[in-house]
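Each chain gets a letter, A, B and so on, in the order its sequence line appears, and its residues count up from 1.
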Protein chains: 2
Amino acid sequence: MPHRKLIARLQAISGISHDDRAKLERMPYTIKNFAKGDIVARPGERPLSCCVVLSGFLCRQRIVASRNQVTSIYVPGDMPDLHTLHMPVMDRELCSVGDSTIAVVTHSCLRNVLAGSAGLTNAFWRETLIQAEIHREWVDNLGSREALGRVAHLLCEIAARLGSVGLCKEKSFVAPFTQGIIAQACGISVVHMNRTVQEMRRQGLLDWRGHTIELLRRTDLEELAEFNPAYLHVLNSPEKLVLL
Amino acid sequence: MPHRKLIARLQAISGISHDDRAKLERMPYTIKNFAKGDIVARPGERPLSCCVVLSGFLCRQRIVASRNQVTSIYVPGDMPDLHTLHMPVMDRELCSVGDSTIAVVTHSCLRNVLAGSAGLTNAFWRETLIQAEIHREWVDNLGSREALGRVAHLLCEIAARLGSVGLCKEKSFVAPFTQGIIAQACGISVVHMNRTVQEMRRQGLLDWRGHTIELLRRTDLEELAEFNPAYLHVLNSPEKLVLL
DNA sequence: CGCCGTGTTGAAGTGCATCAAGCCATGTGG
DNA sequence: CCACATGGCTTGATGCACTTCAACACGGCG
């Protein structure tokens with residue numbers, strides 16, 4: 001199993017043992033590269049492996065009511081299809097947002113390792129629980145906020161998640177997002193997305209040019225978005241000590 | 001661990017062994033009753049137990065942008081706070097929709113049993129993955145559909161989930177939902193919810209009087225909602241055989 | 001009885017979608 | 001090197017889905 005970021009995260013989340021860490025590091029994997037728009041997995045497929053995002057971004061998406069809805073965005077260190085270990089069929093399309101690199105680990109190999117370590121099983125289980133927690137935030141976001149707060153919240157979340165793997169210092173990060181993709185994740189049209197971005201610029205909350213996104217006046221932005229990073233700070237939490 | 005429905009479901013989902021089944025049945029639990037609106041767990045709490053819904057309905061909710069957003073609805077057989085095993089802090093409020101009964105099992109007891117059975121660990125893990133899958137459907141629903149399709153989809157989902165525990169035959173089920181609660185889950189106002197229900201009645205798709213909800217012309221309804229129960233049919237799927 | 005929760009209805013306002021067009025940078029082929 | 005296509009951003013005009021406010025009807029209940 002590759003990527004120091006994933007291992008570091010599992011460590012932070014669940015405090016895995018030295019032994020387990022070694023097992024992860026010994027896992028065989030293969031690297032795959034994707035270009036913008038490439039499809040990593042299709043709905044209906046039954047993958048025989050899971051992947052870890054090494055660099056770049058993936059998104060999970062599907063056509064709903066003639067609109068492309070993005071249900072998740074995955075950043076380096078994430079395992080977008082970890083659930084296929086237990087639910088064999090891909091529910092939605094997995095797509096590379098810009099260029100990306102992933103590491104692929106076979107199910108059988110993963111199962112072997114997990115069968116031999118309750119600690120790792122729990123660590124991976126927790127990973128999927130954090131994803132569920134993120135989904136609940138998205139439900140709140142789409143159900144209750146209007147465009148400005150919605151976009152602000154999503155950007156805050158992405159910045160926070162990138163921060164925890166060292167890809168966002170302070171307030172700016174690099175990502176190949178288009179306004180269209182963020183619009184599809186926020187459930188609004190591209191046109192209105194554009195107007196919302198302009199409003200955020202006008203208020204001095206955002207600088208987004210090309211592939212660099214900068215969150216300005218971050219506390220104001222987070223207040224506007226009602227963003228509370230607690231749901232992500234299961235990372236680095238002191239709770240890990242009392243867990244098992 | 002109580003409730004035949006939960007055990008039957010775990011069995012169907014993951015094909016647990018006779019041994020594991022016995023372990024579940026031997027778990028000690030206590031029963032709690034709640035009335036409409038009672039709060040089962042508060043945000044910020046660190047419960048020392050998990051619960052199983054025995055009868056009635058719970059919902060997970062939170063105030064977002066001055067609106068109460070319902071993020072999940074739990075039916076008999078569900079474990080609304082299973083995630084507290086790994087993520088100690090409740091993120092949102094858990095609330096009884098009508099009258100309800102739950103069984104409470106302590107974390108320590110659950111952990112003991114899970115530590116002794118990889119099969120059960122995987123079965124419970126799968127439960128949380130199904131919840132995540134339901135959350136993704138909600139994201140699609142809130143992000144892409146307008147009111148009519150949204151309400152239709154939610155009602156189809158609830159009927160299907162109730163069906164899998166024998167609480168919905170054919171097309172009608174009993175539930176203490178108000179239009180207001182479904183509105184809060186669908187991210188629309190009560191007024192518009194009411195008009196949407198009337199439109200569904202007008203089209204002969206729905207009969208909802210008091211606590212009895214009847215889905216009429218179900219195939220038309222499911223088509224309108226683009227409802228595909230596959231995401232719930234991990235239940236009773238043949239895939240369980242090739243799983244582990 | 002009077003109250004309260006739920007459902008229902010109308011009127012007015014708004015956040016957002018949709019359509020349509022134009023802009024700019026980048027890339028590609030003749 | 002220009003002609004042209006392409007993808008992303010931007011802008012204006014129009015329409016609609018939905019919200020909000022306000023009022024009323026109905027039944028259950030203390």
Please check the phosphate of [N] (OP1 and OP2 only) for any side-chain N or O of [X] closer than 4.0 Å.
| X | N | answer |
| --- | --- | --- |
| A:K36 | D:dG8 | yes |
| A:R201 | D:dT10 | yes |
| B:Q198 | C:dT9 | yes |
| B:Q179 | C:dG5 | no |

Return the value, rounded to whole Å, for the distance between atom [atom1] of [X] and atom [atom2] of [N].
| X | N | atom1 | atom2 | value |
| --- | --- | --- | --- | --- |
| B:L142 | D:dC18 | CG | P | 12 Å |
| B:H192 | C:dT9 | NE2 | P | 14 Å |
| B:F177 | C:dG7 | CZ | C1' | 18 Å |
| A:I188 | D:dT10 | CD1 | C1' | 15 Å |
| A:I182 | D:dG8 | CD1 | C1' | 14 Å |
| A:N194 | D:dT10 | CG | C1' | 5 Å |
| A:Q184 | D:dC9 | CD | P | 12 Å |
| B:R202 | C:dT9 | CZ | P | 13 Å |

*Check if the side chain of A:R195 and the base of C:dG15 share a donor-acceptor pair of N or O atoms closer than 3.5 Å.*
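Check fails, no donor-acceptor contact within cut-off.
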*Report the residue (A:M193 or B:V190) whose heavy-atom-nearest nucleotide on DNA chain C is the more 5′ of the two.*
B:V190
*To the side chain of A:V191, which of C:dA17, C:dA20, C:dG15 is closest?*
C:dA20
*Sort out for me which residue in B:V70, B:I73, B:V40, B:T71 forms a side-chain contact (heavy atoms from CB on, under 4.5 Å) with B:R60.*
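Among the candidates, only B:T71 passes.
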Under 4.0 angstrom, heavy atoms only, what part of the nucleic acid is [X] near: base, sugar-phosphate, or nothing?
| X | value |
| --- | --- |
| A:G187 | sugar-phosphate |
| A:S189 | base |
| B:V197 | nothing |

_All side chain to side chain contact (heavy atoms under 4.5 Å, CB included) counterparts of A:E223, not counting sequence neighbours_ =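 For A:E223, the residues satisfying side chain to side chain contact (heavy atoms under 4.5 Å, CB included) (neighbours in sequence not counted) are A:D220.
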*asked:* Just to verify, which of B:Y74, B:F177, B:F173, B:F34 counts as forming a ring-ring contact (aromatic ring centres under 6.0 Å, His included) with B:F57?
replied: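 Result for ring-ring contact (aromatic ring centres under 6.0 Å, His included) with B:F57: B:F177.
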*asked:* Any heavy-atom pair between the side chains of B:R145 and B:H153 that's under 4.5 Å?
replied: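 A side-chain contact under 4.5 Å exists here.
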*Tell me yes or no: between the side chains of A:R201 and A:Q203, is some donor less than 3.5 Å from an acceptor?*
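Checked: A:R201/A:Q203 side chains show no N/O donor-acceptor pair below 3.5 Å.
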